[in-house]
Amino acid sequence: SATFEKGQVVSLIGPNGSGKTTLIKSILGMVRPDKGKIFVNEQLINGDPSYRSKIGYMPQIGRYPDNMKVGQLFTMLQNIRNVSIEKTDQTLIKQFELEKIFEKPMRTLSGGTRQKVSAAVAFLFDPPILILDEPTAGLDPLASEILKEKILAEKKKNKLILITSHILSDLDEITTHIMYMQEGKMQFFKDIETLQEDTGELRLGKAIARIMKGEQ
């Protein structure tokens, strides 16, 4: 059991196959857990999808209709939500210069550009909860820094942010709490200061490495 609070940036960490993405998909209602209950804003997620409007999700691999143009994707999402463009967060669209590729079909995009689109979609409606699955994977260094700055800006707005990443150096300046998972089970859930005290390491990567080696 674990409780995530607003203002936290929780890094979900663990080996491949430890259950990080499955946990995320369970929160999103894309996977039904065999047992247990999940609450979002004290609302039990039990078939009612309305809570998802509070969540911005960036998948590890974004899949979109091949022939849909980039600009059409954003227009479609705004129409589905019935939100005008003036009320959306256009920050990443502008910083990633996505307007320049609005006429390109999704099938023509490189993996990194697709990641930029996925990031812009996740932040588009200014959600109070953000779930980012390997957000910097495939991004060039400049785009990665732009995204990290955006995450930090959202953190200052007291949002709840869940992140998975194998690039632990990306998480050092962002993370407030660590959930470490292994074989589908939570091994621990600690704030970053406690983890640093327990391991004697200031850098997240070294702290986690020490734990994985059984030195803590």
Side-chain angles (χ1 to χ4, degrees), residues 1-28 30-31 33-34 36 38 55-62 92 110-112 114-116 118-119 122-123 129-156 158-216:
S1 294
T3 301
F4 304 139
E5 311 267 357
K6 63 182 180 180
Q8 292 180 347
V9 180
V10 181
S11 292
L12 305 175
I13 292 175
N16 291 332
S18 60
K20 302 183 297 293
T21 298
T22 301
L23 173 60
I24 285 173
K25 288 184 175 180
S26 297
I27 295 170
L28 292 167
M30 298 163 68
V31 169
D34 295 325
I38 298 172
I55 299 175
Y57 173 51
M58 181 179 176
Q60 187 171 349
I61 301 172
L92 289 181
S110 67
R114 194 174 285 249
Q115 279 289 88
K116 292 177 184 179
S118 292
F123 291 87
I129 302 170
L130 289 156
I131 299 180
L132 313 173
D133 195 0
E134 296 286 345
T136 58
L139 292 182
D140 60 67
L142 175 58
S144 182
E145 282 303 310
I146 287 172
L147 182 54
K148 282 192 279 185
E149 287 298 321
K150 180 59 175 169
I151 294 170
L152 284 169
E154 299 305 294
K155 176 183 176 182
K156 290 175 182 175
N158 209 32
K159 295 186 178 185
L160 168 61
I161 305 172
L162 304 182
I163 304 180
T164 74
S165 180
H166 285 104
I167 309 170
L168 298 186
S169 58
D170 282 351
L171 303 175
D172 270 323
E173 59 192 303
I174 297 171
T175 302
T176 65
H177 291 72
I178 299 291
M179 176 184 278
Y180 186 78
M181 299 180 67
Q182 201 161 3
E183 296 180 359
K185 295 181 179 178
M186 179 179 72
Q187 301 299 311
F188 64 79
F189 179 43
K190 299 179 180 180
D191 64 68
I192 191 75
E193 291 82 7
T194 301
L195 183 69
Q196 289 168 339
E197 288 174 12
D198 290 348
T199 60
E201 298 285 355
L202 291 177
R203 287 178 54 197
L204 180 57
K206 288 194 172 184
I208 295 299
R210 187 176 285 266
I211 287 169
M212 291 179 75
K213 290 177 184 174
E215 296 177 9
Q216 185 271 325

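When a residue number appears, it is its place in the shown sequence, counting from 1. Just so we're clear, the structure is a prediction, and the values are computed from it rather than from any experiment.
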> How would you list, by chain and number, every residue that makes a side chain to side chain donor-acceptor pair (under 3.5 Å) with Thr194, sequence neighbours excluded?
Replying inline: Asp191

>> I'd like to know if the side chain of Gln196 reaches the main chain of Leu202, judged simply by a donor and an acceptor atom lying under 3.5 Å from each other, with no hydrogens or angles considered.
In response: yes

> Is there a donor-acceptor pair closer than 3.5 Å between any side-chain N or O of Lys20 and the backbone N or O of Gly14?
Replying inline: yes

> Taking it one step at a time, do Leu23 and Met179 satisfy side-chain contact (heavy atoms from CB on, under 4.5 Å)?
Replying inline: CA-CA 11 Å; Leu23 173 60; Met179 176 184 278; 4.0 Å; yes

> Can you tell me how far CD1 of Ile161 sits from CD1 of Ile129, rounded to the nearest 0.5 angstrom?
Replying inline: 11.0 Å

> Quick one: does Leu204's side chain get under 4.5 Å of Ile13's, heavy atoms only?
Replying inline: yes

>> Tell me the closest heavy-atom pair linking Pro135 and Leu132, and the distance in Å.
In response: CD-O, 3.7 Å

> Can you name the side chain to side chain donor-acceptor pair (under 3.5 Å) partners of Lys155, sequence neighbours left out?
Replying inline: none

> Would a distance-only check, ignoring hydrogens and angles, find a side-chain to backbone donor-acceptor pair under 3.5 Å from Ser11 to Ile178?
Replying inline: no

> What heavy-atom pair brings Pro33 and Ile38 nearest, and what distance separates the two atoms?
Replying inline: CG-CD1, 4.2 Å

> Looking at Pro59 and Gly62, what are the two nearest heavy atoms and their distance?
Replying inline: CG-CA, 3.8 Å

>> A side-chain contact here means heavy atoms from C-beta on lying under 4.5 Å apart; do Phe123 and Ile151 qualify?
In response: yes

> Do the rings of His177 and Phe189 sit parallel, tilted or perpendicular, given the 30° and 60° boundaries?
Replying inline: tilted

> With a 4.5 Å heavy-atom cut-off, do Lys116 and Leu139 have their side chains touching?
Replying inline: yes

>> Given Thr21, which partner from the list Asn16, Asp133, Thr164 fulfils the side chain to side chain donor-acceptor pair (under 3.5 Å) test?
In response: Asp133

> What distance separates Glu134 CD from Leu12 CG, expressed to the nearest 0.5 Å?
Replying inline: 10.5 Å

>> Working to the nearest 0.5 angstrom, can you tell me the gap between Asp198 CG and Arg210 CZ?
In response: 11.5 Å

> How long is the gap from CE on Met58 to CG on Leu147, to the nearest 0.5 Å?
Replying inline: 5.5 Å

> Got a sec, which residues hit side chain to side chain contact (heavy atoms under 4.5 Å, CB included) with Glu145, two or more places apart in sequence or on another chain?
Replying inline: Lys148

>> Is any side-chain heavy atom of Val31 closer than 4.5 Å to one of Ser26?
In response: yes

> More than 12 heavy atoms of other residues, nucleotides or ligands under 6.0 Å from CD of Glu193: is that the case?
Replying inline: yes

> Taking Lys159 for the side chain and Val9 for the main chain, is one N or O donor matched with an acceptor at less than 3.5 Å?
Replying inline: no

> Does the pair Lys206/Asp172 count as a salt bridge with the N-to-O cut at 4.0 Å?
Replying inline: no

>> Strictly distance-based, threshold 3.5 Å: is any side-chain N or O of Gln115 a donor or acceptor partner for the main-chain N or O of Ala137?
In response: yes

